[in-house]
Amino acid sequence: MLRTLKALAALPEQGGAGSPLPSESLARREALWHLVILLIFGLLFVHVYVSYPAVPRGEGVNGWEGWWDQSNYIGSARALAAGDFAPERHWYPIGYSMLGAPFAWLGMRDPFLLINLASFLIFVHFFIRLFRDVLGAPVAAAVLAITLILPFRVHVPHVVDVPLLLQFAVPWNTNPVAALYPVLLVALIWIAQDRGRGVDVLIGAIAGGIVALRFVEAVPLLVPGAVYAYHRLYLQRKWFNAVYALGGAFAVLVPVFGLTWYIHGGLASGYLAQSSTIGLSVSDIHERAVAIFMDAAPQFNEPETALFGLHPWLVVCLPLAAAWVFLDWRKALAPVLTAALATLVYLAYNDFSPLNVFRYALIHYMIWVLPVFAA
C-alpha cells in the first residue's frame, strides 16, 4: 500500500514539459485503480463489522465480549494496557494482545478493530501483488472478492452472512497471521530477484511475527524457509544475509517471548497448556479432510458444511494448483506448498471438525488458505 501511495506522489502532473511518459501514466493509473480496490474492500469490511449483531454495543458485557476466545483476547489487551500481568488475565499467546493493548489504553471498546482492518487491507494488497503476474491484478482482486463473499449465507446452526469475510472483523489472532503470509510470499519473490538486505530483515520479522502470534504456524513456515535458503544461500551464496533475517526474527520474538516468560514463567500460556491435552493427530487426517472438504453427512450428520459444496470452484482449483507447481514451480512452489502444509496442520487439530468449522467459526484458520487455493 505504501508503494502505491509513493507511486501516486512521485509521478508529475499531466501536461507541459513535465508530462509523464506513457509508462509513468500507466503506473499512475494502476496506483489509482489499486487504491480504489482497497477502498472498496475497506468499505466492505466496515459494512460487515457494523452490521454484525455480535459486535458489542450498549451497556454491560454483550456480543462477542461474552464469547470465550474474544473475551480472553480483549481482556488480555485491557490488562496489558492497565499494567496487569497476572497469568490468569492472559490465556492466549500474548502477541495478538500486544497489538491491541495500545488501543485498549486509548479506551476503544474493541481494541482489535483497527488491527483487524489494517490486517485485512494488508492481506488484500499483498494477495493482489502475489497473483497479479499470474492472473492480472483485476482478476486476482475478483477471485479474492468471490472467495471471501461466497457462500453469502450459511445456516449451520444459525444464519451467518459472508462467514469467511466475517472472520476478518471478529477478534481472532489468525487475522494478522493471514495478513503476514502473503507479505512473506511476495518478499520471497524479491529474494529471488536478489534485492537488498532489507528484504532479509523483513522476511525474518514476518516469520517471527507469525510464530509470535501462533506458535503452530512454525510448521507451514518450513516451506518459505526452504525457498529462502534455496535462493539466498544456495543460488546467490549470500550466507551472511541469513544473519539479517535472524536479526529481524529476533527483533520480534525477543520482546514477545520475554513478556510471555515474565507473565507465565515460561513460554506456555494457559491455552498452550490446555491445547497440549487436546493435541494434534495425523492418524485420521485423511478422514477429517474428506469430511471437511467433501462430505460431512455420513460421519458428522452435517450435510451443509463441506467446503467443496460451499466453494465448488475448489474442485477445479486444487488440481490446477498442483499442476501449476509442476508447470511453473519457481512461482507456484512457495504459495501452494505453504498453503497446503498449513491446511494439513489445521486439519490435524483434534477439535477441527465439521461440527466446529462454522458452528464455532473455526473456519477462521483458513481465511488466507482458501483464497490462495482459489487463485
Side-chain angles (χ1 to χ4, degrees), residues 93 95-96 119 122-123 126-127 129-131 133-134 173-257 260 267 272 280 282 285 321-322 324-326 328-349 365-369 371-373 375:
Y96 189 48
S119 297
I122 291 170
F123 172 74
F126 280 94
F127 180 92
R129 287 289 305 274
L130 180 62
F131 290 105
D133 291 338
V134 179
N173 62 2
T174 47
N175 287 329
V177 169
L180 291 176
Y181 267 115
V183 182
L184 177 62
L185 294 170
V186 169
L188 288 175
I189 297 174
W190 296 338
I191 289 293
Q193 296 169 349
D194 198 11
R195 296 200 186 181
R197 293 170 177 172
V199 181
D200 299 87
V201 176
L202 176 65
I203 284 178
I206 293 170
I210 292 174
V211 173
L213 289 160
R214 283 173 49 84
F215 292 175
V216 73
E217 302 291 342
V219 178
L221 287 176
L222 292 174
V223 175
V227 173
Y228 173 85
Y230 173 76
H231 286 287
R232 215 41 147 185
L233 307 184
Y234 177 71
L235 293 182
Q236 300 167 11
R237 301 293 179 180
K238 294 184 175 180
W239 296 87
F240 193 74
N241 284 57
V243 176
Y244 288 88
L246 289 173
F250 281 120
V252 176
L253 290 173
V254 167
V256 176
F257 285 175
T260 301
L267 296 181
L272 291 177
L280 307 174
V282 297
I285 196 170
W324 184 34
V325 173
F326 285 102
D328 191 2
W329 66 271
R330 293 182 185 276
K331 290 182 179 179
L333 188 68
V336 173
L337 289 192
T338 304
L341 186 53
T343 301
L344 290 176
V345 171
Y346 306 150
L347 288 172
Y349 276 109
Y365 292 153
M366 305 185 73
I367 53 176
W368 75 272
V369 169
V372 169
F373 284 144

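Since this is a predicted model, take the numbers as computed values, not measurements.
Two residues are said to be in side-chain contact when any heavy atoms from C-beta on lie closer than 4.5 Å; Trp368 and Thr174 fail this criterion. In this structure, Asn175 and Tyr96 have side chains that are in contact, with non-hydrogen atoms separated by less than 4.5 Å. The side-chain heavy atoms of Leu202 and Trp190, taken from C-beta on, include a pair separated by under 4.5 Å.
In this structure, CG in Leu184 is found 5.5 Å from CD1 in Ile210, a value given to the nearest 0.5 Å. Here CZ of Arg195 is found 12.5 Å from CG of Asp200. Values are rounded to the nearest 0.5 Å. If you take CG on Leu188 and NZ on Lys331, they are separated by 15.0 Å, rounding to the nearest 0.5 Å. Rounding to the nearest 0.5 Å gives a distance of 3.5 Å between NZ of Lys238 and CG of Asp194. A distance of 11.5 Å separates OH in Tyr181 from CD1 in Ile206, rounded to the nearest 0.5 Å. Rounded to the nearest 0.5 angstrom, Leu246 CG and Asn241 CG are separated by 11.0 Å.
When every heavy atom of Arg197 is checked against every heavy atom of Arg232, the shortest pair comes out as N-NH2, 4.4 Å. Minimum heavy-atom separation, Pro335 to Leu130: CB-CD2, 4.4 Å. The minimum heavy-atom distance between Ile122 and Ala179, with the atom names listed, is CG2-O, 3.9 Å. Scanning both residues, Leu221 and Pro224, for their nearest heavy atoms gives O-CD, 3.3 Å. Smallest separation of non-hydrogen atoms from Thr338 and Pro220: CG2-O, 3.9 Å. For Phe127 against Pro182, the heavy-atom pair with the smallest separation is N-CB, 4.0 Å.
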- Item | Full working for side chain to side chain contact (heavy atoms under 4.5 Å, CB included) between Val256 and Leu213 | CA-CA 9 Å; Val256 176; Leu213 289 160; over 6 Å; no
- Ile367 vs Phe123, side chain to side chain contact (heavy atoms under 4.5 Å, CB included): CA-CA, chis, key distance, verdict: CA-CA 10 Å; Ile367 53 176; Phe123 172 74; over 6 Å; no
- I would like to know whether Val223 and Leu333 meet side chain to side chain contact (heavy atoms under 4.5 Å, CB included); could you show each step before the answer? CA-CA 9 Å; Val223 175; Leu333 188 68; 5.6 Å; no
- Query: Leu180 and Phe126: side chain to side chain contact (heavy atoms under 4.5 Å, CB included), yes or no, with the steps?
  - Reply: CA-CA 9 Å; Leu180 291 176; Phe126 280 94; over 6 Å; no
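Ring geometry for Tyr244 versus Phe240: interplanar angle over 60°, hence perpendicular rather than tilted (30 to 60°). Taking the six-membered ring where the residue is Trp, Tyr230 and Trp329 present perpendicular rings, their angle passing 60° and hence far from 30°. Between Tyr365 and Tyr349, the ring planes are parallel. Angles under 30° get that label, and only those over 60° would be called perpendicular.
Note: Phe250 and Phe257 fail the aromatic proximity criterion, with ring centroids not under 6.0 Å apart.
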